[in-house]
Amino acid sequence: MRILLAEDDPLLGDGLRAGLRQRGFQVDWVRDGLAAECELRAEPYAAAVLDLGLPLMDGMDVLASVRRAGLAVPVLVLTARDAVPDRVRGLDVGADDYVVKPVDLDELAARLRALVRRSHGQPQELLMAQDVVLDPAARLCSLAGQPVLLSAREFDLLQVLMLAAGRVLSREQIEQQLYSWGQEVESNAVEVHVHHLRRKLGAGLIQTVRGVGYTVLKTAAAT
Amino acid sequence: MHLPRSLQGRLLTLVLGLVGLVWACTAVLTWQDASHELDELLDGHLAQAAALLVVQQAREIAHDADRRRSSDGDKDDDDDRTLDAPNLHRYAPSVAFQVFHEGRLVLRSANAPPQPMVDAERGVRQGFTDVILDNTRWRVFAAVGAESDVQVYVGERAEARNDILMAVLRSTLWPMALALPLLAAVAFWAIRRGLKPLRLLGGQLHQRQAASVAPLEVPDDGAMPTEVAQMVAALNGLFERISGLMESERRFTADAAHELRTPIAAIRAQAQVALQEADVEHRRHALQATLAGCDRATRLVEQLLTLSRLEASAAPPTRVVDLAALARQAVADIAPRALAQGQTVAVDAPPTCSVVADETLLAVLLRNLLDNAVRYGPPGATVQVGVAPSSPSRPGRVGLTVADSGPGLPEGLQEQLGRRFHRPAGQAQGGSGLGWSIVRRVAEVLRLELQLERSAALGGLAVTVQLPPG
């Protein structure tokens, strides 16, 4: 999952980026409010972690501006301001979650996963399609109860498709959600990963819509 | 005199005490005056009575002489007879008289003694005198008749005079004695009513919560007396100042907590990353970042402590300080860090230069100015401390300048400098903006003016303070 991290403190930003990468996220890090607003408007992030005390543009203003633009991207506000009025204001302006510094990286990752899941209308923690079960928290995949070993990229790709189950995603859309800045995207990477996934999990899981993209059918339709 | 603690008690005590004093003075004056007037009046009566007796006696003697002439040789026993005058009034026993003719008592009142009321030795034949008869004081008027062989004494008991005096005083003072408790009650009511606004104010203050700094309510009906209204206005002014102080204190605490939370969050995140990181190089990076976070938190705590100590301190006693030595020491302290960043530091100062200031605070100011210049200056920058002794063009002033070749300050940012925790946007270096707050505060405490301008020599920011020479 690709998320945007907006944090002006160099040490904290560096730590959060490293920690979230360890936990399977693709992280783009911006250090001021204007950049955060630009990126959120331009890229399809699965979620954003937003510090409130940002230079150039306050985090609250970024949030308000993004929401005014009609973007529904889940935003987790990470701040040192823990007074109840601050929290209330943050949630009112459109934050989906409000976390006070310092935060445990595992908790932050779990909250982000929950935000992403809910934003896709998925109530359970586990993603299911046919007899494939994906556990984003533990980053485990199983087929008919048997664990299947997936590479990090394969897991991410399957997660993107299963989160958006029932919708057809183009190759560009998938790439945008898989790769953070500075990562090389080979021209046929998505095709290669889909090929590997079909080999490991069966050909019926991921459907190709020729000329459009790929989709995973909803569990109800598949069973 | 020990006055009661309550204002009402005090006023009541004072008012009643003064009324009592005036009353007592009145009584004393009345007594003196009445006594004097009474003495004059009664003395007059005594003299009058004596004069009557003298006249009466003269007539009787003349009558006797006629009788003797008309009945010659007819011896009259009446000559030897002493006449006792009747008591005609209840006051009469207090008055006595004696009439002597040729040394013989011829007429006396019933209560008069047979012997003369005034001893012959005293030699008083005419006029007033005080005597003691039967342990009673008498006021006696002695008068000599038309013929010198007649002596008249009219006396009055002094006690009787006192009785009259007391009666006069009683009738004068009795209404006043009655009026005193009434006056006390009225004064109590009036004072209580007069102090009502104060009591209401006290009640309002008493009911407030200890931490409340809301202004006191003043009724609009004009019932608040001017004095109390002034007090309320002063109190409200005080509350306003306190609430401003509390607000700035609260903001400072909140900001300080905010600033401390970020390095702590960074330390936590980096440590957690290091714990889970398999890659040696990545783990090393995270651990180094953890240490850097600790250093930053430490520096922040030190700055906060410096600032809070400065907030509390008033102007310290100043002494003669060698500014040149101080500048060299400060530059020597920061040189290792500047050199490590590829920056140049230098001092331009005479061998010695005395100023009057507090050495510790001046060192704090200089250290923070240098720290800012080095921290926010790019690699390769130059930082220079200049000490300019007083010269004919600037007599009485020693200039201390910290200049750098950094980017300087954008327009409009100068007034934002020194706002706690404010950092210019796009700042890569970790910092809290507290350094400037400290510099500002030191300048305030030492009563120095900070001049911020573009450095003519280096092109960056130049901060100058003017110090009085030692």
Side-chain angles (χ1 to χ4, degrees), chain A residues 5-25 27 29-36 49 51-59 61-62 76-87 98-110 112 139 152, chain B residues 247 250-251 253-279 281-300 375-376 410 413 416 419-433:
Chain A
L5 170 64
E7 168 62 62
D8 63 328
D9 185 82
L11 282 175
L12 180 58
D14 181 68
L16 290 178
R17 182 173 60 177
L20 289 174
R21 277 182 178 163
Q22 279 178 341
R23 283 152 188 80
F25 292 91
V27 182
W29 177 21
V30 293
R31 294 157 194 245
D32 66 69
L34 275 183
V49 175
D51 182 21
L52 286 190
L54 289 173
L56 296 183
M57 189 174 185
D58 187 74
D61 297 337
V62 173
L76 182 148
V77 166
L78 179 64
T79 179
R81 306 197 177 277
D82 62 344
V84 172
D86 290 329
R87 293 169 184 244
Y98 200 98
V99 176
V100 175
K101 294 174 186 175
V103 64
D104 183 89
L105 286 174
D106 291 322
E107 183 192 343
L108 183 64
L112 282 172
R139 291 185 76 76
Chain B
E247 172 60 23
R250 194 197 62 74
R251 208 181 308 122
T253 316
D255 287 351
H258 176 251
E259 282 302 311
L260 274 171
R261 268 197 175 130
T262 301
I264 289 170
I267 292 166
R268 196 181 198 296
Q270 296 283 4
Q272 216 177 349
V273 167
L275 206 58
Q276 292 200 359
E277 190 57 67
D279 181 85
E281 203 47 50
H282 285 171
R283 189 164 65 219
R284 202 180 148 70
H285 172 85
L287 284 173
Q288 269 169 350
T290 309
L291 281 181
C294 289
D295 290 346
R296 230 187 67 208
T298 308
R299 179 165 175 273
L300 188 62
R375 183 173 297 271
Y376 300 117
L413 202 69
Q416 291 192 338
R419 256 183 22 205
R420 284 172 187 148
F421 307 112
H422 173 83
R423 284 195 297 138
Q427 195 59 254
Q429 272 290 346
S432 57

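Hydrogens, waters and symmetry mates are skipped; everything else that's a heavy atom, side chains included, is used. Proteins get letters first, then strands, A, B, ... in listed order; numbering begins at 1 in each.
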Between A/R21 and chain B, which part of the residue has a heavy atom less than 4.5 Å away: side chain, backbone, both or neither?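 For A/R21, no heavy atom lies under 4.5 Å from chain B.
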A/V100 and B/R261: side chain to side chain contact (heavy atoms under 4.5 Å, CB included), yes or no, with the steps? CA-CA 9 Å; A/V100 175; B/R261 268 197 175 130; 3.8 Å; yes
[X] to [Y] - nearest heavy-atom pair and separation:
{"X": "B/A266", "Y": "A/D9", "result": "CB-OD2, 4.2 Å"}
{"X": "B/Q272", "Y": "A/L105", "result": "OE1-N, 2.8 Å"}
{"X": "B/A265", "Y": "A/K101", "result": "CB-CB, 3.8 Å"}
{"X": "A/D14", "Y": "B/A289", "result": "OD2-CB, 4.4 Å"}
{"X": "B/V273", "Y": "A/G15", "result": "CG2-O, 3.3 Å"}

Considering only heavy atoms, which portion of B/H285 lies under 4.5 Å from any heavy atom of chain A: side chain, backbone, both, or neither?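 For B/H285, the side chain is the part near chain A, not the backbone.
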Portion of B/A292 that has a non-hydrogen atom of chain A nearer than 4.5 angstrom: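 Both parts, backbone and side chain.
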Looking at B/E281, I'd like to know if its CD atom is crowded, meaning that more than 12 non-hydrogen atoms belonging to other residues, nucleotides or ligands lie closer than 6.0 Å.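 Counting neighbours around CD of B/E281, 12 or fewer heavy atoms of other residues, nucleotides or ligands fall under 6.0 Å, so no.
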Flag yes if more than 12 heavy atoms outside A/R139 fall under 6.0 Å of its CZ atom; otherwise flag no.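 Result for CZ/A/R139: enclosed.
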Once you round to the nearest 0.5 Å, how far does CG of A/D51 lie from OG1 of B/T262?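 The distance works out to 6.5 Å.
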Could you give the distance from CG (A/L12) to CD1 (B/I264), rounded to the nearest 0.5 Å?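 Answer rounded to 0.5 Å: 11.5 Å.
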Check the pair B/Q276 / A/R23 against side chain to side chain contact (heavy atoms under 4.5 Å, CB included), numbers first and verdict last. CA-CA 10 Å; B/Q276 292 200 359; A/R23 283 152 188 80; 3.0 Å; yes
Can you run down the salt bridge (Lys or Arg N to Asp or Glu O under 4.0 Å) pairs that involve residues 262-271 of chain B, sequence neighbours left out, and say none if there aren't any?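 Only A/D104-B/R268 qualify under salt bridge (Lys or Arg N to Asp or Glu O under 4.0 Å).
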